Number of protein chains: 2
Amino acid sequence: MPENKVDERRRVVIEALSPQIDCGRFSIKRVVGETVVVEASVFADGHDHVACQLLYWRENDKAMQSSPMIPLGNDRWRGEFRVVNVGRYEYTVEGWIDRFTTWRSDLIKRIDAGQDIHVDLLIGAQIVQDVASQATGEDAVLFRQCVRQLRENKDEESSKNAALDAELLQAVQRYPERHLATRYEQRLAVVVDREKARFSTWYEIFPRSCSTEPGLHGTLRDCEAKLPYIAAMGFDVVYLPPIHPIGHTFRKGKNNSVSAQPDEVGSPWAIGSEEGGHTSVHRQLGTLEDFKKFISSAKSYGLEVALDIAFQCTPDHPYVKKHPEWFRTRPDGTIQYAENPPKKYQDIFPIDFESSEWHALWMELKEVVLFWMKQGVRIFRVDNPHTKPFSFWEWFITEIKNEDPEVLFLAEAFTRPHVMYRLAKVGFSQSYTYFTWRNTKEELTDYFNELTQTEVREYFRPNLWPNTPDILPEFLQVGGRPAFMIRFILAATLGASCGIYGPAYELCENAPYQPGSEEYLNSEKYEIKHRDLNAPWSLKDFIARINRIRKQNPALQSDRNLRFHGTDNPSLLCYSKTTDDLSNSIVVIVNLDSFRAQSGWIDLDLNSLGIDPAHSFEVHDLLGEGRYLWNGARNYVELLPESLPAHILHVRRSVHAETDFDYFL
Amino acid sequence: MPENKVDERRRVVIEALSPQIDCGRFSIKRVVGETVVVEASVFADGHDHVACQLLYWRENDKAMQSSPMIPLGNDRWRGEFRVVNVGRYEYTVEGWIDRFTTWRSDLIKRIDAGQDIHVDLLIGAQIVQDVASQATGEDAVLFRQCVRQLRENKDEESSKNAALDAELLQAVQRYPERHLATRYEQRLAVVVDREKARFSTWYEIFPRSCSTEPGLHGTLRDCEAKLPYIAAMGFDVVYLPPIHPIGHTFRKGKNNSVSAQPDEVGSPWAIGSEEGGHTSVHRQLGTLEDFKKFISSAKSYGLEVALDIAFQCTPDHPYVKKHPEWFRTRPDGTIQYAENPPKKYQDIFPIDFESSEWHALWMELKEVVLFWMKQGVRIFRVDNPHTKPFSFWEWFITEIKNEDPEVLFLAEAFTRPHVMYRLAKVGFSQSYTYFTWRNTKEELTDYFNELTQTEVREYFRPNLWPNTPDILPEFLQVGGRPAFMIRFILAATLGASCGIYGPAYELCENAPYQPGSEEYLNSEKYEIKHRDLNAPWSLKDFIARINRIRKQNPALQSDRNLRFHGTDNPSLLCYSKTTDDLSNSIVVIVNLDSFRAQSGWIDLDLNSLGIDPAHSFEVHDLLGEGRYLWNGARNYVELLPESLPAHILHVRRSVHAETDFDYFL
């Protein structure tokens, strides 16, 4: 005997609902104003017509909303809904046997075959009667009238007309008859972020290097004075390495040397001293008030402040005394320092997330972020999240977003693919990527197709960094100023989100610690820098121009719309981004060779650009200012690394021709 | 505060466990003796080593069994287990942080770097001590001894040796330390059938056409007399259309005419008369005793009897009077007959699975099958399952298999792909396929790659029929005797299970009802046939030969091992099947053109055949008797439709050469 809780007579089945991450274990991600396109296979036994609809709910909103689904053929259906608020939405699909349209299409066949239909009209009357029970107003009147006509069947011709009336069909479809309807087993979730989660341009700067006096320790106020400079380059997020007190015990010196001189400043990631820990401001940088002023000043320049979250402690951190149970103790009674054997990092005590006191520990870490949120921070760049448990992050990000769904987290994980993706799944809003080491046409094409054209795009939002304080890639070490131009163009046009570690980047600093190393020589992580921001070789104007192009062209503010196009030269990479409504379309062609001019033919997929192959189209190079009249898919380009390493072409679809004139008609 | 039921400190995560159908909603299928190869992505945060194992359970067996998993790289792991009993198994994966191997590999790095390791030895002692608490016997002694040595550390050299001892490593790995282990959320299921579910050769025959006297209604005893003939052709399943009483009301006549003459026999699928319904034997065929004798006689010839299950009734069926509530009533009080508007099938009342009395109805239908099981039937061919709800079949097949897991069901659904696959998912053991209409090289390659090289193979077992009483495909209508040879070779070598509707097939009956129709002229569905089984053009010896090849070559008894190879002629299809252990390998090359000789070059994937490209290999044509010495991937073939439309080549890998002689060494 069937004993399931559901009525076994439900005949419609729903399969392969997408998007769906790991069987619904994780949410997909969207930003406000975006659309969720949902597809499912919906079908039943037999010949009856099925109908289905997309159901969705806004968080804490009991009211269910619905959206129609249209058949794509082969039992596949599609519907969509728009997410208008930050927070969570849920969606699922419901399907049912559509008795009315089944009856109606059968009736047409019977009439065409000249069959007696008087019993069929009575069947139809019953179906309409059932629908009428849900209706009011005009619809109810229409239904009652139709039922009467079909029952009485005074005159077959007018009965037929009543039965097949298009208005009746439309009216009936307003009352989905969900008798024995099937709902997909799960509600799937969408986390909706504010727009910055998708489109953001980051600038990382060390406040202590911001003094105008060489040798002096810069302050948050000095850093505040640099905000106009940063804003002028078109950035919208200013990200500061940790601003907390720096430990003394085993402090690292210049170039990561194991013993610092007494006057050396140490690494900002070595958090905690007798002055305080993760909720304190390093005294040499200023006060909490200075930080709050920095935030509000940044805001006035259109910049949002991102703070660094590095959950680790120096031996001098207050936690070590107060909560030794949050660290791992070695058999000799000492606390376990960080290691990657045989390397030892004795200045750092990793937090033990497997501690038996994990409840209290996790709560405290949440308090740290709540503290900085209270000061006005809404973006956090998380240091090495891949060395803390995924379950911690899933809990932590959910908790924080429950407090304020506007908060965004960037995962600084450079590790194996499954780990990178899992961090995104458990909730990180944006993620660092392998872009930093993808240089060739094939590498870039494969990687960005994976990020933007597979399921990955539903939960992993790439943030592209050509450099970081930890990484000076080989391409930048050897390629000179053109290399810095090329990598910034790629980051800024392949990715809707990108960032640089400045001013090292715009000043083209390219000396590695030693050959084969990706560490900077005299890395800013361990010492104060003083730089001439007006150096003639600075890329600041170039960066400003690219960022202006990003702001002015919505196509560049999204990742899902990336398409690669063919080129006959492996040093030429060609790709486009086009808005869904085709109103904005950008084609980028980059010379990947920082040493030589490269030329060749590109082969555009005109269809993806919405271009009619029968008409010419104009492209306007927003970088080099040139305008070209192109015709067809194949076009010739030549790019010079020093002066014009790329075209960033704005596509103008309709070009005037003689056929546009009235007299041509 | 984390409030999940599981300890949030579990650091290992398990993703993308395969095989898995629709997020574990459905079982995968295997037959006894087969292997389930399981893969999963298993990883954790940080640098610790992870370990994992495959866990599995036999139904009703509380004892969990486990099987090791090996890393494939990129955080992917693989393990396998063998299913040895008919019934259900479940499997899942468990992963944990492997403290011992993490510690051991770190220790090696520390030693290599010449670091002081005395605290590390103490840490290791603690780990081994923890393992020791689970151990007894020799292992316990070994662990205690090791702990003592590491703790005392009298002599660093011997402490190191103790720590890195290979025996210790092996011993520790016998005690997976599953502290905070993570188990994949779900247990996934395998339905294990007997071997016939995978490898079977079917022969469909109408008992009423088995009389030796022209014009006489054949009986089950007459049919019994044909069993030696059927067995001699090498079949192992004899499938009978319904053997129940046939209705009178609106009985169909010859060629499906709407009114039968009084002496016409009607369609066996029009089930039910005053004589009885689904559990009765049609009087003209004989008695229940005759049927039981038929079963045991068949058994003595190595043949198993498959019965037809057609859940539908004529107006004369006892159910109609006794249970009118199981049918749909029209507004004029009559019972709704079957329709596919404008076509009417007034001889058939479909059962209403949406009836409010569905509980009683479903139980009765189960009783029907239990009745025939009591008579000894264990295979059922289900007529039109796609016109009854999926939920019914899922319940029904589960119930029957709970009674006896040896029972097999073949789904006779020729309908849309999602529906075909869903029926297999809900439990059908085998399924009819689109093979019947796949004729070209591209069609066959695409379809069989879908069936055998995608997830479909986990749940859908194809049974290939070149004809049925309902379907005489165009290829057979026009291609003459060679067409019948070609299609049987394809069915019998592409599919581990196949069947024919005979003797129409071996006698090459090819007249359609009318041009453009796929119905047989004077279809056996509506009349009794009398045939000369010894007609000189009969393919019985040819079929017997092919079936002998199937029996003698295990490679042909499986579907997962199908691989297509290139040919330079679109009329030549080349494919192979090879057993997992490479002990049996068959290469088939078929001329798809029934009219003309075709020749060309084939291009074998030698690797998939386990052939060393540096050596010659012999192929022996099991059909044409030829032997060929081939060398390398490209080989020439010529196939003649009338005499030799295919090669069925047995591959002999090692061919003797002078290098095999002793003196060559």
Side-chain angles (χ1 to χ4, degrees), chain A residues 1-2 4 8-11 13 15-16 20 22-25 41 43-47 74-76 105-107 109-110 112-113 115 118-119 122-123 125-126 180 185 330-332 334 339-342 344 353-355 358-359 362-363 385-392 395 416-419 422, chain B residues 1-2 4 8-11 13 15-16 20 22-25 41 43-47 74-76 105-107 109-110 112-113 115 118-119 122-123 125-126 180 185 330-332 334 339-342 344 353-355 358-359 362-363 385-392 395 416-419 422:
Chain A
M1 180 71 46
N4 285 26
E8 294 272 357
R9 292 179 298 166
R10 296 172 199 278
R11 291 170 47 205
V13 298
E15 289 185 347
Q20 177 169 183
D22 292 4
C23 298
R25 167 76 177 78
S41 306
F43 54 98
D45 62 281
H47 307 290
N74 195 23
D75 293 318
R76 198 85 186 139
S105 77
D106 284 352
L107 188 71
K109 291 176 199 155
R110 295 179 211 278
D112 289 349
Q115 295 178 351
H118 81 275
V119 177
L122 292 175
I123 293 173
Q126 188 55 48
L180 295 179
E185 296 85 13
R330 286 155 61 91
D332 64 354
T334 61
E339 288 187 289
N340 189 7
K344 302 179 179 195
F353 285 83
E354 288 175 311
S355 156
W358 61 285
H359 276 101
W362 292 23
M363 289 305 286
H386 57 293
T387 59
K388 289 96 193 169
F390 302 108
S391 55
F392 167 71
W395 170 82
R416 308 188 309 282
H418 280 107
V419 177
R422 181 82 179 193
Chain B
M1 181 71 47
N4 285 25
E8 295 271 359
R9 293 179 297 166
R10 296 173 198 279
R11 289 170 48 204
V13 298
E15 288 186 349
Q20 177 169 185
D22 293 3
C23 298
R25 168 76 178 77
S41 306
F43 54 97
D45 62 281
H47 306 291
N74 194 22
D75 294 317
R76 199 84 186 138
S105 76
D106 283 353
L107 188 71
K109 291 177 200 154
R110 296 179 211 278
D112 290 350
Q115 295 177 351
H118 82 276
V119 177
L122 292 175
I123 293 173
Q126 187 54 49
L180 296 179
E185 296 85 12
R330 286 155 60 90
D332 64 355
T334 62
E339 288 186 289
N340 189 7
K344 301 179 178 195
F353 285 83
E354 289 175 310
S355 157
W358 61 284
H359 275 101
W362 292 23
M363 288 304 287
H386 57 294
T387 60
K388 288 97 193 168
F390 302 107
S391 54
F392 168 71
W395 169 82
R416 307 188 311 282
H418 279 107
V419 177
R422 180 83 181 191

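Labels below follow one simple rule: chain letters A, B, ... track the order of the sequence lines, proteins then strands, and each chain is numbered from 1. Nothing here was measured: the structure is a model prediction, and the numbers come from that model.
A:D112 does not touch chain B: none of its heavy atoms, backbone or side chain, sits under 4.5 Å away. Neither the backbone nor the side chain of A:L107 comes within less than 4.5 Å of any heavy atom of chain B. With a 4.5 angstrom heavy-atom cutoff, A:R11 touches chain B via backbone and side-chain atoms both. Heavy-atom distances place no part of A:T334 under 4.5 Å from chain B, backbone and side chain included. Contacts of A:H418 with chain B are made by both backbone and side-chain atoms, with heavy-atom separations under 4.5 Å. Using a 4.5 Å cut-off between heavy atoms, A:Q126 does not touch chain B at all. For chain B, the nearby parts of A:D106 are the backbone and the side chain; heavy atoms of each come within less than 4.5 Å. Both the backbone and the side chain of A:E354 come within contact range of chain B, judged by heavy atoms closer than 4.5 Å.
In this structure, CZ on A:R416 lies 8.0 Å from CZ on B:F43, to the nearest 0.5 angstrom. Expressed to the nearest 0.5 Å, how far CZ of B:F353 lies from CZ of A:R9 amounts to 13.0 Å.
Of all the listed residues (A:H386, A:H47, A:E15), the one sharing the greatest number of non-hydrogen pairs under 4.5 Å with chain B is A:E15. Chain B forms more heavy-atom pairs under 4.5 Å with one residue of A:S41, A:A125, A:A113 than with any other, namely A:S41. No other option in B:A16, B:S355, B:P341, B:P417 has as many heavy-atom pairs under 4.5 Å with chain A as B:P341. Considering only heavy-atom pairs separated by less than 4.5 Å from chain A, the leading option among B:R422, B:K344, B:R330 is B:R422. Comparing B:D22, B:D45, B:N74 by heavy-atom pairs within less than 4.5 Å of chain A, the highest count is held by B:D45. The candidate from B:I123, B:D332, B:V13, B:L122 with the greatest count of non-hydrogen atom pairs under 4.5 Å with chain A is B:V13.
Between B:E185 and A:C23 there is no side-chain heavy-atom pair separated by less than 4.5 Å.
In plain terms, the two heavy atoms of B:P342 and A:K109 that are nearest each other are CB-O, 3.9 Å. Nearest heavy-atom pair, A:V419 versus B:A44, reported as atom, atom and distance to 0.1 Å: CG2-O, 4.2 Å.
The aromatic rings of A:W358 and A:W362 stand perpendicular to each other, their planes meeting at an angle above 60°, with 30° marking the opposite boundary.
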